[in-house]
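This chain uses plain numbering: 1 for the first residue, then up along the sequence.
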Amino acid sequence: MSIKAAQLLKLLTLSSTALPVGAYCYSQGVESAIETGLIQDEASSVAYFEEVLEMLLIRFELPVLKRLMTSYANDVQFLYWADLYKASRESKELLAESQQLAFSLNAWIKDVLKMPVEVKKQYGFVPVYAQLCGRLGLNEADVLTAYSFSVLENQVLAAVKTVPLGQMSGQRILWHLHHLVPQAVEQALALADDEISSALPQYAMFSMRHETQYSRLFRS
């Protein structure tokens, strides 16, 4: 098996819905956006997820993921970015979700890969995920692409179940977003440290509203 094929298989495994971390339990604010009417059909879903790609992934999570990967063997630098990521979880629900996913990924690392856990769950999912990808020697751009796919797919599927949207509508949304991801990854890789921003007040407010929402399918 070629190195490229081996890396692809690892990335596919880490981005698969079969990875038992429980991401499908969370809507990451999508359910609250539906409740408030911001998401109500295919067109409004596309507009919302384009914002997620631009404001959440390009401007913050992808560049931080890159820095965590490149510094995975440097404790000082890694902890700096891990602390920044943890601080960006602006609501109790967002932090609890990230830490639960990190706990589950650490359990998978120990049980399936037979590797020691090196990042505590308290830092959240992205630091654990990034450190693992660094240890596995995966390509940065490929990891950012796979991570974007996982985040967008999970949120789109939440909308498919809750709006509800039909399966074909969900697929059209994902197909549209996939065309935007390569350029998004390029933009994220090019960001300087002082250009990274996690100012997403409405995203955090959707998460906080979810706790008292009348009807809920998801944990956040």
Side-chain angles (χ1 to χ4, degrees), residues 1-26 28 49 52-53 56-58 60-82 85 97-157 170-171 173-191 196:
M1 183 186 296
S2 69
I3 295 176
K4 186 174 181 179
Q7 288 206 337
L8 176 60
L9 286 170
K10 290 172 184 175
L11 272 175
L12 289 172
T13 299
L14 291 176
S15 58
S16 170
T17 54
L19 190 72
V21 296
Y24 67 90
C25 296
Y26 301 93
Q28 297 182 315
F49 295 123
V52 168
L53 181 60
L56 177 69
L57 293 175
I58 294 176
F60 186 74
E61 291 198 353
L62 294 182
V64 169
L65 173 55
K66 173 208 170 185
R67 285 156 176 78
L68 286 164
M69 275 190 68
T70 56
S71 64
Y72 81 94
N74 182 323
D75 289 345
V76 174
Q77 284 295 312
F78 184 87
L79 290 177
Y80 171 83
W81 293 108
Y85 171 78
E97 172 194 346
S98 188
Q99 291 177 338
Q100 180 58 52
L101 296 181
F103 172 83
S104 299
L105 182 56
N106 273 337
W108 182 84
I109 291 169
K110 288 190 292 185
D111 189 68
V112 177
L113 301 185
K114 307 300 181 185
M115 294 168 64
V117 165
E118 297 193 4
V119 182
K120 295 179 180 179
K121 70 168 188 177
Q122 284 81 0
Y123 288 108
F125 179 74
V126 169
V128 174
Y129 178 84
Q131 208 264 359
L132 174 61
C133 291
R135 291 162 75 186
L136 294 175
L138 301 180
N139 176 271
E140 291 172 16
D142 291 344
V143 169
L144 268 57
T145 301
Y147 180 78
S148 300
F149 168 82
S150 297
V151 171
L152 293 170
E153 182 184 52
N154 189 66
Q155 293 199 19
V156 169
L157 290 180
Q171 288 297 306
I173 294 168
L174 282 172
W175 196 252
H176 168 74
L177 293 171
H178 290 168
H179 283 84
L180 306 179
V181 168
Q183 184 178 358
V185 169
E186 287 185 14
Q187 290 178 255
L189 288 171
L191 280 185
I196 297 173

Handout entry: Plane angle bin for Tyr129 and Tyr147 - parallel if under 30°, tilted between 30 and 60°, otherwise perpendicular
Key = tilted
Exercise for the section: Verify side-chain contact (heavy atoms from CB on, under 4.5 Å) between His176 and Leu180, making sure each step is shown before the conclusion. Expected result: CA-CA 7 Å; His176 168 74; Leu180 306 179; 3.9 Å; yes
Problem - Heavy-atom check, side chain of Thr70 versus side chain of Trp81, under 4.5 Å - result: no
Exercise for the section: Would you mind reporting whether Gln187 and Leu191 have side-chain heavy atoms less than 4.5 Å apart? Expected result: no
Problem - Full working for side-chain contact (heavy atoms from CB on, under 4.5 Å) between Ser98 and Tyr85 - result: CA-CA 10 Å; Ser98 188; Tyr85 171 78; 3.0 Å; yes
Examine distances only and state if a side-chain atom of [X] and a backbone atom of [Y] form a donor-acceptor pair shorter than 3.5 Å.
X	Y	result
Ser148	Leu144	yes
Ser104	Leu101	no
Gln99	Lys121	no

How close do [X] and [Y] get, heavy atom to heavy atom, and via which atoms?
X	Y	answer
Gln77	Ser71	CB-CB, 3.6 Å
Leu11	Ala146	CD2-CB, 3.8 Å
Gly137	Gln7	O-NE2, 2.5 Å

Problem - Gap separating the CZ atom of Phe49 from the CD atom of Gln155, nearest 0.5 angstrom - result: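 Nearest 0.5 Å value for the CZ-CD distance: 6.0 Å.
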Practice task
Would you indicate whether Gln183, at its atom CD, is surrounded by more than 12 heavy atoms from other residues, nucleotides or ligands within a distance under 6.0 Å?
Solution key: no
Exercise for the section: Apply the test side-chain contact (heavy atoms from CB on, under 4.5 Å) to residues Tyr123 and Leu68: give CA-CA distance (whole Å), side-chain angles for both, the deciding distance (0.1 Å), then the verdict. Expected result: CA-CA 12 Å; Tyr123 288 108; Leu68 286 164; over 6 Å; no
